[in-house]
Amino acid sequence: MKILHASAEYFPYIKMGGLADMLASLTKEQAKTEKVYVALPLIGSMGKEPNWTGKEYKAILPEDGIEETFAVSLLTKARFREADESGIKLYFFDSELFRSLDSIYGTIDEHYRFAIFSYACYALSQILQVDSFHAHDWHTAMSLALQKNSSHSIPSVFTIHNLAYQGDHPFWMTGFLKEDPFRLVTSPFDHNEKCNYMKAGILSAGKITTVSPGYKEETLREPNGFGLSYALQKRGSDYTGILNGIDTDEWNPKSDKRIFQTYSAKDWKEGKLKNKTLLYEEIGRPHLPLDAPLIGLIGRLTYQKGFPTFLQAFLERRHLPHRYVVLGSGDTETEKAFFHLSDVMPDVFYFYRGYNESLAHKIEAASDFFLMPSLFEPCGLNQMYSHVYGTIPIVSRVGGLRDTVEESMDPKFKTGIVFEPNDVSSLGYALERAKDLYFSTDRNFVVKTIMNLDWTWTKRKLEYDFIYQKAIELLQ
Ligand code: ADP
Ligand code: GLC
């Protein structure tokens with residue numbers, strides 16, 4: 001089967017969060033048995049120089065009577081440049097709209113850029129004559145409406161990684177959707193009198209998935225449907241939750257080149273101690289006690305991730321022996337609070353503001369616990385990375401976190417510590433339980449259990465195969 005994915009992120013070329021990791025790891029697994037193509041924007045600062053094959057493809061379909069609108073001229077000047085990534089063909093959309101960007105998101109005209117990109121992805125699916133077209137998140141959702149309206153529709157799947165971002169904007173900005181080459185009927189985009197790409201994707205795709213069964217259930221109700229629960233309900237059994245897998249070549253304490261000392265389930269204690277010692281040296285806190293629990297936190301500092309709940313719980317439980325290393329950037333208020341703690345309590349708290357892939361791996365390897373206080377979490381990858389590194393996750397009971405972490409009473413089945421979202425005392429109590437677990441012999445069982453969990457794509461890839469098959473049947 002020939003599958004074309006359309007996405008704004010793909011590790012290691014463009015990464016802002018989990019979408020990049022999820023797609024790179026899923027396609028790696030798919031490429032073992034299928035022909036896999038990925039369409040991506042080419043931006044100014046890429047995480048890696050692509051391995052160009054020299055082949056190029058048009059980004060617009062030849063059609064009769066097409067008018068020379070602004071969008072048409074942009075697409076005519078653009079092209080897809082092919083690159084090879086271990087057998088996966090990457091198609092970088094080379095356009096003046098993206099070429100100069102340092103970062104993929106956040107420009108005020110992004111709904112326009114991503115409309116052009118979405119059209120180009122749709123065109124590429126037709127040019128490559130793929131069997132399945134798989135779009136991810138709102139950035140490429142419009143291509144599903146184009147696919148549906150086409151006289152040559154290709155079976156399509158839409159994966160929602162985060163319903164909180166919908167690409168909505170005032171309709172007056174989107175008159176171009178009625179013009180060439182889109183020629184779209186805009187009613188499926190209409191949501192509260194705004195133009196909403198996510199909604200059009202939901203209504204147009206053959207099949208829809210999201211990244212965990214738990215999150216799927218949550219999105220069918222408000223507030224986690226972010227206003228679109230009714231559209232998802234409409235799709236009934238066309239909507240499925242498939243838990244993400246992880247890339248255990250990239251995230252593996254036995255072979256990770258980014259960490260100070262590799263280790264396995266046999267020597268995790270020595271391995272972690274060495275990583276903790278050297279991490280404390282690297283961050284300029286060599287005096288921190290090695291026998292106190294270290295809790296790692298990594299992530300985008302946005303509303304979703306619930307860090308303010310943690311900050312409050314932390315202040316209430318100052319008596320606990322935990323040390324904290326935090327890596328992330330985002331909301332200014334949260335950054336300020338973390339900087340403040342790092343300043344006034346340097347013996348307890350360390351904050352690194354920014355994005356740092358190597359430091360993320362080092363924190364996973366050095367930490368005893370990993371905290372994710374999310375208010376909602378479609379899947380979450382760090383709790384699974386933590387398992388693999390023998391780092392016990394402490395998570396809120398939401399979305400993919402509740403599907404992957406269980407606080408069983410039996411230490412042989414316990415895979416982490418779970419608390420209620422947005423609840424300071426529940427989080428505080430979870431921090432207390434972490435201390436008890438750290439100093440008990442049960443910890444050895446828990447670490448052994450989590451390091452042996454299977455979070456690979458091997459089985460979950462088959463769930464996507466099933467969905468592709470169903471999407472194909474819809475068009476037969
Ligand atoms: P989301 O996609 O909502 O951000 P995920 O848990 O799915 O959440 O994935 C986040 C990914 O991004 C993880 O691989 C995490 O390690 C990484 N990440 C987030 N913030 C940073 C950062 N500041 N530095 C390095 N990696 C980060
Ligand atoms: C999103 C979600 C995150 C998920 C990731 C990959 O960014 O916020 O929970 O793990 O996508 O699917």
Side-chain angles (χ1 to χ4, degrees), residues 5 7-12 14-27 47 103-105 134 136-139 158-166 198 209-216 218-219 224 226 241-248 250-251 256 258-259 296-307 325-331 334-335 338 351-365 367 370-389 391 393 395-396 398-405 421 455 457 460 464:
H5 291 273
S7 169
E9 297 183 39
Y10 193 79
F11 181 80
I14 306 180
K15 173 167 170 176
M16 296 302 287
L19 166 59
D21 285 13
M22 180 277 189
L23 191 56
S25 55
L26 168 63
T27 51
S103 176
I104 185 73
Y105 306 133
H134 190 161
H136 298 263
D137 270 352
W138 74 264
H139 325 106
F158 180 39
T159 294
I160 299 169
H161 294 261
N162 199 332
L163 208 53
Y165 304 97
Q166 302 182 353
M198 184 65 110
T209 68
T210 190
V211 288
S212 71
Y215 187 62
K216 183 214 146 180
E218 291 169 9
T219 55
N224 281 330
F226 283 92
I242 302 177
L243 191 69
N244 284 339
I246 61 168
D247 183 345
T248 45
E250 199 60 44
W251 291 91
D256 192 336
R258 294 183 175 99
I259 64 178
L297 294 99
I298 304 170
R300 296 178 293 111
L301 307 182
T302 59
Y303 169 78
Q304 171 187 351
K305 301 296 175 181
F307 289 111
V325 172
V326 184
L327 163 64
S329 65
D331 295 347
T334 312
E335 286 184 357
F338 282 149
F351 175 48
Y352 180 104
R353 178 182 173 272
Y355 184 89
N356 187 327
E357 192 73 28
S358 283
L359 185 56
H361 284 248
K362 287 174 179 163
I363 293 174
E364 280 290 5
S367 299
F370 191 91
L371 178 60
M372 299 175 79
S374 308
L375 304 183
F376 63 94
E377 194 60 76
C379 179
L381 298 176
N382 274 108
Q383 78 281 15
M384 295 190 268
Y385 298 153
S386 297
H387 281 152
V388 176
Y389 283 72
T391 309
V395 303
S396 53
V398 288
L401 301 179
R402 68 183 162 105
D403 289 342
T404 47
V405 181
W455 294 126
W457 275 107
R460 277 172 228 135
Y464 275 106

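Just so you know, residue 1 is the first one in the sequence shown, and it goes up from there. In each ligand, atom 1 is the first atom listed, and ligand 1 is the first ligand listed. These numbers were taken from a predicted model, which means no experiment stands behind them.
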Show me which atoms of ligand 2 lie under 4.0 Å from any heavy atom of [X].
X: Pro378; value: 2 (C), 8 (O), 9 (O)
X: Gln304; value: 8 (O)
X: Val211; value: 12 (O)
X: Gly380; value: 3 (C), 4 (C), 9 (O), 10 (O)

Lys15 N/O to ligand 1 N/O under 3.5 Å: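 Yes, since at least one N or O of Lys15 sits under 3.5 Å from an N or O of ligand 1.
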Please report whether ligand 1 has a polar contact with Asn356, defined as an N or O pair separated by less than 3.5 Å (distance criterion only).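 So ligand 1 has an N or O lying under 3.5 Å from an N or O of Asn356.
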Closer than 4.0 angstrom: is that true for some heavy atom of [X] and an atom of ligand 1?
X: Gly380; value: yes
X: Gln304; value: yes
X: Gly354; value: yes
X: Tyr385; value: yes

Tyr10 ring center near His5 ring center (under 6.0 Å):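 No, they do not, as the ring centres are separated by 6.0 Å or more.
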Can you check whether His139 and Tyr105 have ring centres sitting under 6.0 Å from each other?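 Ring centres of Tyr105 and His139 closer than 6.0 Å.
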Residue portion contacting ligand 1 (non-hydrogen atoms closer than 4.0 Å) for [X]:
X: Ile298; answer: side chain
X: Lys305; answer: side chain
X: Asn244; answer: neither
X: Met16; answer: neither

Quick one: does ligand 2 sit under 4.0 Å from the side chain of Leu19, the backbone, both or neither, non-hydrogen atoms only?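 Backbone only.
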Mind checking whether Asn244 contacts ligand 2 via backbone (N, CA, C, O), side chain (CB onward), both or neither, at a 4.0 Å heavy-atom cut-off? side chain
Assign the ring pair Phe351 / Phe338 to parallel, tilted or perpendicular, where the plane angle (0 to 90°) is split at 30° and 60°. tilted
To the nearest 0.1 Å, how far is [atom] from its closest protein heavy atom, and which atom is that?
atom: atom 10 (C) of ligand 1; result: Gly18 N, 3.6 Å
atom: atom 26 (N) of ligand 1; result: Tyr355 CE1, 3.4 Å
atom: atom 5 (P) of ligand 1; result: Leu381 N, 3.8 Å

Check whether more than 12 heavy atoms from other residues, nucleotides or ligands sit under 6.0 Å from atom CZ of Arg353, and answer yes or no.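 Counting neighbours around CZ of Arg353, 12 or fewer heavy atoms of other residues, nucleotides or ligands fall under 6.0 Å, so no.
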Just to verify, what does Tyr352 make a ring-ring contact (aromatic ring centres under 6.0 Å, His included) with, not counting sequence neighbours?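 Scan of Tyr352 (ring-ring contact (aromatic ring centres under 6.0 Å, His included), adjacent residues dropped) gives none.
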Is the closest side-chain donor-acceptor distance between Asp137 and His161 under 3.5 Å?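 No, because no side-chain N or O of Asp137 sits under 3.5 Å from a partner of the opposite role on His161.
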Distance-only side-chain donor-acceptor flag, Ser386 / Glu364, under 3.5 Å: yes
Hey, mind stepping through Trp251 and Tyr385 against ring pair (Phe, Tyr, Trp, His ring centres under 6.0 Å) and telling me if it holds? CA-CA 6 Å; Trp251 291 91; Tyr385 298 153; 3.9 Å; yes
Per-atom filter on ligand 1: closer than 4.0 angstrom to a heavy atom of Asp21 are 14 (O)
